[in-house]
There are 2 protein chains.
Amino acid sequence: MVEELDKRKKRILQAIIQEHIISASPIGSRTLAKKYSLDVSPATIRNEMADLEDLGYLEQPHTSAGRIPSDKGYRYYVDELIRREEQDVSGIIKNIEDLYQDLQNVQDIISGMAKMLSNITHYTALVSEPKTQVSRLKKVEIMQLENNSLLVVLVTDTGMVNNKIIKLQQSLSARKISYLNSFLSDKLENKLLSELDLNYLNSLEKELLAKLDLSVDLFKQFYNELEGAFEPDGVKVYLGGTSYILEQPEFNDLERLKKMLKLLDQEEMLKKIINSISNQDLEIKIGQENELEDIKNCSLVVATYYISNRAVGKIGVIGPTRMEYPRVISSVDVISDILGNLISKASG
Amino acid sequence: MVEELDKRKKRILQAIIQEHIISASPIGSRTLAKKYSLDVSPATIRNEMADLEDLGYLEQPHTSAGRIPSDKGYRYYVDELIRREEQDVSGIIKNIEDLYQDLQNVQDIISGMAKMLSNITHYTALVSEPKTQVSRLKKVEIMQLENNSLLVVLVTDTGMVNNKIIKLQQSLSARKISYLNSFLSDKLENKLLSELDLNYLNSLEKELLAKLDLSVDLFKQFYNELEGAFEPDGVKVYLGGTSYILEQPEFNDLERLKKMLKLLDQEEMLKKIINSISNQDLEIKIGQENELEDIKNCSLVVATYYISNRAVGKIGVIGPTRMEYPRVISSVDVISDILGNLISKASG
DNA sequence: TTTTAGCACTCGCTTAACGAGAGTGCTAAC
DNA sequence: GTTAGCACTCTCGTTAAGCGAGTGCTAAAA
C-alpha cells in the first residue's frame with residue numbers, strides 16, 4: 001500500500017501539501033513550477049501529478065482544477081516527508097512552565113494548558129483530566145461543617161481534589177469522626193481507585209457498622225461520592241480556543257461550521273473523541289482514519305501525558321485535515337510534557 | 001418618551017412583534033390583516049404602521065419592505081403588552097428541582113442549571129458563581145498530605161469549596177497543624193470574606209509567628225490562596241448551550257456569528273456582560289440598552305439568585321433582540337429560584 | 001373625518017447568461 | 001523523457017431580467 005515514491009514525486013507531493021496548507025485551495029502545475037525550483041516544466045509536473053493522483057496521494061475537486069492532498073497524501077507527508085525534530089518550538093515555549101508555576105490546582109493547570117496549546121497552534125485544543133483508574137487515593141478526610149453536615153475531601157496522587165458536602169439526620173461526635181477518619185485512612189489511602197470497587201466498599205461498610213454505631217445513610221452517601229467522583233466516564237474533557245475553528249476556511253461553510261460547533265458543545269462527544277485515541281506517545285489521525293463519523297473530515301494530533309511514568313491523560317488539537325502538522329506536532333509534544341510536569345509538581 | 005398608544009396601535013404593535021418573533025423577517029400589512037383579526041383593511045394598517053414608525057416603535061429595513069420592531073418597540077412590548085404571569089412553565093419545570101436533588105457540588109449545580117436553562121429557552125445561558133464578597137467562611141482546614149505538602153480547604157456558606165496543595169521546605173508536626181487549625185478556625189471562620197483583607201491577615205500572621213515557630217512561607221502561600229480564591233474578579237461565569245445561537249437566523253451571517261462566538265469564548269467578556277446587569281430581581285436589556293458595544297444587537301434577560309436572602313449571583317440568557325420574551329422571562333424566573341434553592345440545600 | 005380600493009413605484013432576491021481565469025489532458029515535436 | 005502548444009472544462013464573479021412582496025399616495029366611499 002505504501003509505495004516507495006521516487007525523489008521527484010516526493011518533492012512534488014511535499015510542495016503541493018505545503019502550498020495547500022498555506023493557501024487552502026487546489027494547487028496547479030504552473031503555481032508549483034513558479035514557486036518551487038523543481039527545474040522541470042509545468043507539463044512534466046502535470047504528468048507527475050496525474051501519477052500521484054492514480055496512486056491515491058492527490059485528489060482533484062473537479063476536472064480543470066488543481067490538485068489537493070488526499071488523506072493518504074497527508075499520511076505519507078506526516079510519516080515520510082517531515083522530520084519530527086525539525087521545528088524548534090522549545091525555545092519559545094521554555095518559559096511557559098515557569099509562567100504557570102504558581103497554578104497549583106490541577107483543573108486550572110489543565111484548562112490553562114488547553115488555552116496555551118490552542119493559542120500556540122491556532123487550532124482547538126482538547127485535554128482530558130487524569131484518568132482515575134490509575135490514580136491512587138492519597139488522602140481521605142471527613143470534616144464537620146455544622147451539626148448535621150460533613151465535608152468529605154478526597155485527594156488523589158494525580159492531584160485531583162474532590163469534595164462533597166454530606167447531609168445527615170443525626171449529628172456525629174468529634175470522637176466518632178476522628179475514628180472514622182483513621183479507619184478510612186487506613187483502609188482507603190494509597191489504594192488504586194480501581195481497587196475500591198463495590199465489593200470492597202461493602203465489606204468496609206459491614207466492618208465499620210459493627211464497630212461504630214452509625215446511620216447507614218452516611219456510608220451510602222460517602223461511597224456514592226467515591227464511586228461517582230472517580231468513575232471512568234466521569235473524566236472531564238477541557239476545551240481551549242473553540243473560536244479558532246472560525247479562522248479555518250474549510251469552516252466558512254455555515255452548515256459545516258454548525259455541525260462542528262454542535263459537536264464541540266457536547267461533552268459526551270469530546271470524551272468519545274479523546275477516548276478513540278490509543279495510548280501512544282503521539283498519535284495522529286487524519287480524516288477518514290478517525291472512527292467517529294462526525295470528524296472524518298478533521299485531523300487529530302494527540303499526545304499522552306504522564307504523571308510519575310503513568311499514562312494518565314491526553315492532550316491534543318483538532319482541526320481540518322489541512323493542518324500545519326510539523327508545527328502542531330512539536331507543539332503538542334512540548335506542551336504535553338509541560339502539562340505532565342506541572343501536574344506532577346503541583347500534586348507533590 | 002413613552003407615549004400612550006391607542007388600543008388599535010397596541011394591538012398592531014403586539015401582532016407585528018409576535019409575528020416577527022416567529023418569522024424573523026419584516027412583517028407587511030397584508031400578512032397582518034390575514035393572520036390577525038384586526039377587522040380593518042391592509043391600507044388602514046399601513047397608516048398605523050407608518051405612525052408607529054414615526055413614533056419609533058418600528059423600523060423599516062428598506063422602502064418597500066415590511067416593518068420590524070425597534071428596540072423601543074420591544075421595550076414597550078415587554079413593559080406594557082405582555083402579562084408576566086401569562087406563561088405557566090412551572091408545571092413542566094416543577095420536577096427539575098427533584099431531578100437535580102442529588103447534585104451536591106455547587107459547581108455542578110451551576111453548570112447543570114446553565115444547561116437546563118438553555119435547553120428550555122433555546123438560547124445561550126449565562127450563570128455566575130456566588131459572589132465571594134457577601135459569603136462567609138464556614139470552614140478552614142489544613143491537612144497533611146505528605147511530609148512537606150499540605151492541603152488547605154476553604155468552605156463558604158454559599159457552598160463554594162476551594163482547595164489548594166501547598167508545598168513547604170520544612171515539615172510540620174501534627175501538633176503544630178492542629179494548633180494552626182484551631183487558630184485559623186478561631187480567627188477566620190464565620191467572617192465575611194470581604195473582612196479578610198490584607199491588614200487583617202497581616203495582623204494574624206504576626207500573632208501566629210509570635211506563638212508558633214513557622215516558616216513565613218506557609219502563611220504567605222495560605223493567604224495568597226485566600227486572596228486569590230475569593231477575589232471579586234475570580235468569580236467564574238458558566239455558559240450553557242452555546243450552539244443554540246446557531247439556530248437563530250440573525251446569526252446566519254458568518255461575520256456576525258464569528259463575532260458572537262469569539263465573544264462568548266472570552267471569559268473576561270462574559271464577566272463584563274453579567275456584571276453590567278444591576279441587582280434587580282429580573283432585568284431585561286434590549287439591544288442598544290446594553291452598555292457593551294459588542295452586544296448592542298442582543299438582548300439579555302437576567303435574574304438574580306439568592307442564598308438565604310442574599311443576592312449572590314446572576315443567571316440569565318443572551319440572544320437576539322428578537323427573543324421570545326414571555327417564555328424566556330418565565331423560564332429565567334423559575335430557574336433562578338430553583339438554582340438558589342438547590343445551592344442552599346447543598347450547602348445547608 | 002376615517003377607512004378603503006386602486007395603482008404606480010421601489011427594492012431585494014433569484015435565476016440565467018456570459019466572460020474571464022485557471023488548470024487540465026493530449027498530441028506532436030524536441 | 002521532456003516540453004510547447006492548444007482545445008477543452010469548470011468555477012467564479014458580474015450583469016441583467018423578472019418576480020414578488022410591500023409601500024405610499026390619491027381619490028372615492030362610509
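Chain identifiers are assigned alphabetically (A, B, ...) following the order of the sequence lines, protein sequences preceding nucleic acid strands; residue numbering begins at 1 within each chain.
Between S64(B) and dC11(C) there is no side-chain polar atom (N or O) within less than 4.0 angstrom of OP1 or OP2. Checking the phosphate oxygens (OP1, OP2) of dT2(D), a side-chain nitrogen or oxygen of R8(A) falls inside 4.0 Å. For R67(A) and dG25(C), the shortest distance from a side-chain N or O to OP1 or OP2 is below 4.0 Å. For T44(A) and dT3(D), the shortest distance from a side-chain N or O to OP1 or OP2 is below 4.0 Å. OP1 or OP2 of dC9(C) has not a single side-chain nitrogen or oxygen of T63(B) nearer than 4.0 Å.
Side-chain atoms of E283(A) and S278(A) include a donor-acceptor pair closer than 3.5 Å. D265(A) and Y244(B) share no side-chain donor-acceptor pair at under 3.5 Å. Side chain to side chain, Y36(B) and T31(B) fail the donor-acceptor criterion of an N or O pair below 3.5 Å. With hydrogens and angles left out, the side-chain atoms of Q248(A) and Y123(A) include no donor and acceptor closer than 3.5 Å.
Across the interface with DNA chain C, nearest-nucleotide mapping of N47(A) and R30(A) shows R30(A) to be the residue nearer the 5′ end. Comparing A43(B) and T31(A) along DNA chain C, the residue whose closest nucleotide (by nearest heavy atom) sits nearer the 5' end is A43(B).
Here dA22(C) presents its C1' atom at 9 Å from NE2 of H62(A), a figure rounded to the nearest Å. Remark: P of dT24(C) and CG of D54(A) are 14 Å apart, rounded to the nearest angstrom. To the nearest angstrom, P of dT4(C) lies 15 Å from CE of M49(B). Rounded to an integer number of Å, the gap from NZ of K9(B) to P of dT2(C) is 10 Å. In this entry the distance linking CD of Q60(B) with P of dT23(D) reads 7 Å, nearest Å. Atom CG of D39(A) is separated from atom P of dG1(D) by 19 Å (rounded to the nearest Å). Rounded to whole Å, atom P of dG23(C) lies 12 Å from atom CD1 of I45(A). Computed from coordinates, the D51(B) CG to dT2(C) P distance equals 11 Å when rounded to whole Å.
In this model, a side-chain donor or acceptor of R46(A) finds a partner on the base of dG25(C) within 3.5 Å.
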Decide yes or no on side-chain contact (heavy atoms from CB on, under 4.5 Å) for L81(A) and Y76(A), but give the supporting numbers first. CA-CA 7 Å; L81(A) 301 178; Y76(A) 191 85; 3.9 Å; yes
